[in-house]
Amino acid sequence: MYLSRLPLTTLKETPADAETVSHRLMLRAGLIRRLASGLYNWMPLGMRVLHKVQTIVREEMDRAGALELVMPSVQPAELWRESGRWEDYGPELLRMKDRHERDFCLGPTHEEVITDIARHELMSHRQLPVNYYQVQTKFRDEIRPRFGVMRAREFIMKDAYSFHLDEQSLLEGYELMRDAYRRVFDRLGLEYRIVQADSGAIGGSRSEEFLVLAATGEDAIAWCDADGFAANVEVVSIAASGNAAPDPSHERELVATPGVGTIAELARFLGTGADRCLKTLLVKGNETPAVALLLRGDHELNAIKAQNLHGVAAPLTMLRGAEVEAATGCEPGFLGPVELPVPMHVDHAAAELSDFVCGANRPDYHYTGVNWERDVDLPGVADLRTAVAGDPSPLGGGPLSVARGIEVGHIFQLGTKYSDAMDATVLDADGNKRSMHMGCYGIGVTRVVAAAIEQNHDEHGIIWPAAIAPFQVIVVPINPDRSEVVRETMAELHDRLSEAGLEVLVDDRAQRPGFKFADADLIGIPHRIVIAERGLKAGQVEYKGRSESDVTLVPVESIVDFLRSRA
RNA sequence: CGGGGCAUGGCGCAGUCUGGUAGCGCAUCUGCUUUGGGAGCAGAGGGUCGGCGGUUCGAAUCCGUCUGCCCCGACCA
C-alpha cells in the first residue's frame with residue numbers, strides 16, 4: 001500500500017487529555033479517534049492491528065475446538081430477569097426500551113444469551129462438551145472511562161462459553177482454554193502472568209486472570225517465586241502472624257487533636273507512625289445500619305474480603321459523613337472502637353497492636369496508649385486488608401512481590417449458576433435431567449492493543465510486536481520526486497515485497513526525509529527500508545529494525561530474502 | 001455519585017480578572033526555494049468564542065441556567 005493513498009494524520013503535539021502512553025500514542029499515530037467519553041473510532045491503521053489480534057485469537061480458539069458464532073448485542077430483559085442479574089448488575093448495565101416499551105439491555109457479557117442457546121440446542125450428554133465463542137462488541141457503562149481504549153465503555157471482546165456434563169469435564173475444558181490463552185498471548189508477543197482472581201459479577205468458583213505486566217496497569221498482582229504463588233492482590237488471603245499483641249506499657253490518655261481527621265495528619269501530629277494508629281471505617285450493614293471495620297493505619301481495606309463478613313452488606317458501601325454521625329454521634333475522623341455502639345470486625349494486624357492510637361468518638365479528640373481487652377473488648381478478628389509487598393505468601397514460600405498489570409484475559413469455572421437459574425439441562429446416559437456445567441473465557445481484544453503499546457514503545461513511538469504490526473515493512477524513498485531511479489526502485493520494491501507476501505507500506509508522500517522517519521517510528525512498523533540515490537549507486541538499500549540503532553546495507557536484489565531472515 | 005477543572009478555526013493554546021472590530025503555534029491550500037531525523041519565505045482559506053436566557057450603547061469577557069468533556073476520589077474514620 002502507498003501511504004499517499006492512506007489519509008494518515010499523525011499528531012506532532014500530544015493530545016491534552018491523554019494520560020497514559022498507549023492512549024497518547026494511539027491518538028498521535030492515528031489508530032483511534034474519540035467519538036465521546038469511552039467511545040472510540042478505530043481508524044484504518046488501528047483496524048489492521050485489531051484484525052491481527054482477532055485472527056490470532058480465532059486461530060487458537062478454533063485449534064482448541066471452539067465453535068464461532070455471533071450473538072446480538074441488544075438483549076431482552078427477560079433473560080436477565082431469569083438469571084437474576086437484571087436486578088443484580090447495577091448501573092453498568094445500559095438498559096433501554098423498544099417502541100413497544102419492552103425492556104432491553106446492551107450486552108456487557110453474554111452468559112444469559114448463550115445459556116438460552118444451549119438449553120434449546122443441547123439435549124443430550126452425547127453432544128457435550130461444547131465450546132461456543134464470538135468476537136463481538138460489548139457495552140459497559142463504566143463510572144469513569146479512562147486511558148483511551150483501556151477502559152472504554154464500548155469495546156471488543158472475545159467471549160467463549162463451554163458446556164459440560166459434569167465437573168470433571170468442565171475442568172478439562174478449562175485447562176484446554178487455559179492452554180489456548182497461553183498460546184494466544186505467547187503469539188502476541190506479550191509479557192504476561194496468570195494469576196488467581198476474584199470472579200466478581202460473573203460468578204462461579206475458580207477463576208484466573210491473564211495480566212500483561214505494565215506500570216500503568218489498573219490491577220496489582222502478588223507472587224512468590226519460591227512457591228509459585230500468583231494472584232491478584234485483591235484475593236490474596238493474609239494469615240495471622242501468630243504474634244500476640246505485646247503487653248500494655250502505657251496508660252490510655254485522651255488527647256486533643258483539633259482538626260486532625262486523617263491518619264496521615266494524626267501520625268504527624270503525634271509524632272508516631274501510621275502503623276501505630278488504628279483506623280475505623282464505617283460501612284453499611286445488612287442487619288444494622290452500620291458496621292465498623294478496624295485496620296492498622298497504614299493498611300488498606302480489601303472490599304472483597306470485607307463484603308464477605310457477617311453483617312456487612314454486599315456490595316461494600318462506605319457510609320457518608322451524615323450517616324456516620326447518625327450511627328455513632330461523632331463525625332468521621334475521630335472514630336475509634338472504645339464504646340463504639342456498632343458491631344465491629346478487626347483485622348489480624350490491627351488486633352496485634354498494643355498502646356495504639358485511635359479516635360475517641362468525640363470531635364477533635366483521640367486516645368493514645370489504647371490496648372485490647374484492657375480498654376476495649378477485642379472484636380471478631382478477620383482478614384480485612386489488601387496484601388502488600390513483603391506480606392507472606394499463602395503457600396508459605398516467603399515474602400510476596402507485587403507488580404502492576406493490565407487484565408487482558410479472564411477464565412472462569414461457572415459451574416451450574418446459570419444453567420440452574422435458566423434450566424439448561426441435558427439427559428445423561430441414565431436418562432436423568434442434569435444441569436450443564438459451564439465455563440466462560442474472555443479476552444479484551446481492544447485492550448490487548450493498548451496493553452501491547454504500554455509494553456512496547458520508546459520516546460519516538462510504538463514498537464509493534466511483529467505479530468500485530470499493521471504493516472511489517474515500511475519503505476521510505478528519499479526525495480523520490482527528484483530521482484527517477486529512486487522512484488523506480490520504490491515501485492519495484494512495493495511489488496516484489498507484496499508478491500513475497502509481506503505487508504508493505506511505501507511512504508511516497510512528498511515530504512522531507514526527517515518527516516517520514518518520524519512518522520515511521522511513531523506508527524511503529526518493525527522493519528524499515530530506505531531507498532536513496534547514493535546507496536543505489538552501489539545497488540544497495542538501507543535496512544533498520546524499529547528497535548535497532550544501526551543501519552544495514554542490503555543489495556536490492558536480495559532484499560526479500562533478507563527480510564524473511566529477519567521476520 | 002461526590003470534589004476540582006475545562007469548553008475560543010481540524011489539533012494545542014492565549015485573550016476573560018479590568019466589556020470596545022478574535023489572536024498565536026501546529027495542521028490545511030497555492031507559489032517559490034529547500035531536501036538523510038517533524039524545512040524556509042510569501043500568500044490564502046477556515047471561528048454565530050459549547051447552547052439558551054439576562055445585564056449593557058456594546059459581551060469570548062459580567063450574571064443565570066443547561067449541556068458536553070477531562071482529572072481526582074471507596075483509604076476517610
Side-chain angles (χ1 to χ4, degrees), chain A residues 7-20 23 27-28 30 33-39 90-91 143-148 234 257 260-266 274 277-284 290-304 306-307 315-325 327-328 330-337 340 342 344 357-363 366 384-386 459-461 476-483 486 509-522 528 530-535 542 544 549 551:
Chain A
L8 177 70
T9 37
T10 54
L11 307 174
K12 205 188 300 185
E13 292 179 90
T14 303
D17 303 336
E19 289 282 298
T20 56
H23 190 193
L27 289 169
R28 285 190 56 208
R33 293 289 179 237
R34 197 181 69 88
L35 178 65
S37 175
L39 301 175
I143 300 180
R144 186 140 92 87
R146 59 186 137 176
F147 306 150
E234 63 185 20
T257 51
V260 179
T262 70
I263 292 289
E265 288 165 9
L266 183 63
C277 301
L278 187 79
K279 71 175 163 190
T280 306
L281 309 177
L282 284 196
V283 301
K284 208 164 139 193
V291 174
L293 305 176
L294 310 172
L295 288 144
R296 221 170 72 184
D298 58 328
H299 285 156
E300 284 197 7
L301 179 66
N302 182 304
I304 294 170
Q307 70 191 19
L316 191 73
T317 312
M318 305 294 297
L319 295 193
R320 298 176 182 213
E323 296 167 319
V324 171
E325 289 205 46
T328 67
C330 176
E331 63 191 85
F334 304 95
L335 298 182
L340 188 70
V342 300
M344 295 182 259
V357 178
C358 66
N361 300 322
R362 263 175 78 178
H366 281 81
L384 289 181
R385 67 185 176 93
T386 297
E459 67 272 29
H460 301 297
V476 182
I478 305 289
N479 304 321
D481 44 331
R482 291 202 329 186
S483 165
V486 168
R509 296 176 299 180
Q511 290 288 356
R512 295 157 60 89
F515 185 94
K516 297 183 181 183
F517 293 150
D519 265 357
D521 287 347
L522 177 59
R528 187 185 81 187
V530 174
I531 304 171
E533 204 156 35
R534 70 187 187 203
E542 296 168 21
K544 188 176 96 61
S549 51
V551 163

From B/G38, B/C72, B/C69, nucleotide with atom closest to A/F515 side chain: B/G38
Of the nucleotides B/C71, B/A74, B/U34, which one has an atom closest to the side chain of A/R512? B/U34
Euclidean distance for P, B/U61 against B/U8 (whole angstrom): 14 Å
What one should report as the nearest heavy-atom pair of A/L278 and A/I263 is O-CD1, 4.1 Å
Could you check which of B/A74, B/C76, B/C26 has an atom nearest any side-chain atom of A/A303? B/A74
Can you check the A/R144 CZ to B/G73 P distance for me, whole Å? 6 Å
For A/L35 and B/C70, give me the distance from atom CG to atom P, rounded to whole Å. 12 Å
Any-strand Watson-Crick or G-U partner of B/G47, both distances under 3.5 Å: none
Nucleotide forming a Watson-Crick or wobble pair with B/U61, both distances under 3.5 Å: none
Which of the following nucleotides, B/C75, B/G37, B/G36, is nearest to the side chain of A/K279? B/C75
Inter-nucleotide C1' distance (B/C6, B/A44), Å rounded: 32 Å
Just the rounded figure in Å: distance from C1' of B/C76 to CG of A/L294. 14 Å
Closer to the 5' end of RNA chain B via nearest nucleotide, is it A/E19 or A/L266? A/E19
Please check the phosphate of B/C70 (OP1 and OP2 only) for any side-chain N or O of A/S37 closer than 4.0 Å. yes
Assigned partner base of B/G68, Watson-Crick or wobble definition, under 3.5 Å: B/C6
Mark yes or no for a side-chain to base donor-acceptor pair under 3.5 Å between A/R28 and B/G38, with no hydrogen or angle criteria applied. yes
Whole angstroms only, please: what is the CD-P distance between A/Q511 and B/C29? 9 Å
Both distances below 3.5 Å, Watson-Crick or wobble geometry, any strand: find the nucleotide opposite B/U56. none
Counting only Watson-Crick or G-U wobble pairs whose two distances fall under 3.5 Å, which nucleotide matches B/A14? none
Specify the separation, in whole Å, of atom NE2 of A/H23 and atom C1' of B/C11. 14 Å
Closest listed nucleotide, where the reference is the side chain of A/D521 and the choices are B/G37, B/C71, B/G36: B/G37
Could you tell me whether A/E542 contacts a base, only the sugar-phosphate backbone, or nothing, with contacts defined as non-hydrogen atoms closer than 4.0 Å? base
Look through every strand shown and name the nucleotide pairing with B/C75 as Watson-Crick or G-U wobble, where both distances are under 3.5 Å. none
Between B/A60 and B/G20, how far is it from one C1' atom to the other, in whole Å? 13 Å
Does A/R482 contact B/G36 through a side-chain donor or acceptor facing the base, at a distance under 3.5 Å? no
Output the single nucleotide from B/C70, B/G38, B/A74 whose closest atom is nearest the side chain of A/D519. B/G38
Taking only the P atom of each, what is the distance from B/C57 to B/G51 in whole angstrom? 24 Å
Out of B/G38, B/C76, B/C1, whichever nucleotide has its closest atom nearest the side chain of A/A518: B/G38
A/R534 side-chain N/O to B/G36 phosphate OP1/OP2 under 4.0 Å: no
Closest to the A/R146 side chain, choosing from B/U35, B/C76, B/C72: B/C72
What interatomic distance, in whole Å, is found between C1' of B/U55 and the corresponding atom of B/C24? 32 Å
Give one of base, sugar-phosphate or nothing for A/L522, where a contact means two heavy atoms less than 4.0 Å apart. base
For A/L316, report the nucleic acid contact type (base, sugar-phosphate, nothing); a contact means any heavy atom under 4.0 Å. base
Would you kindly give the CZ-to-P distance between A/R34 and B/G10, to the nearest whole Å? 15 Å
P atom, B/G15 versus B/C52: distance in rounded Å? 25 Å
The nucleotide from B/G37, B/A74, B/U35 with an atom nearest the side chain of A/K544 is B/G37
Nearest to the side chain of A/F517 - B/G38, B/C69, B/G36? B/G36
So what's B/C41 paired with, Watson-Crick or G-U wobble, going by both distances under 3.5 Å? B/G31
Expressed as a whole number of Å, how far does the P atom of B/C71 sit from that of B/G12? 14 Å
So A/R528, base contact, sugar-phosphate only, or nothing? Heavy-atom distance under 4.0 Å. base
Let me know, please, whether A/N302 or A/V530 comes out on the 5' side of the other along RNA chain B by nearest nucleotide. A/V530
Any chance CD1 of A/I143 has more than 12 other-residue heavy atoms, nucleotides or ligands included, within less than 6.0 Å? no
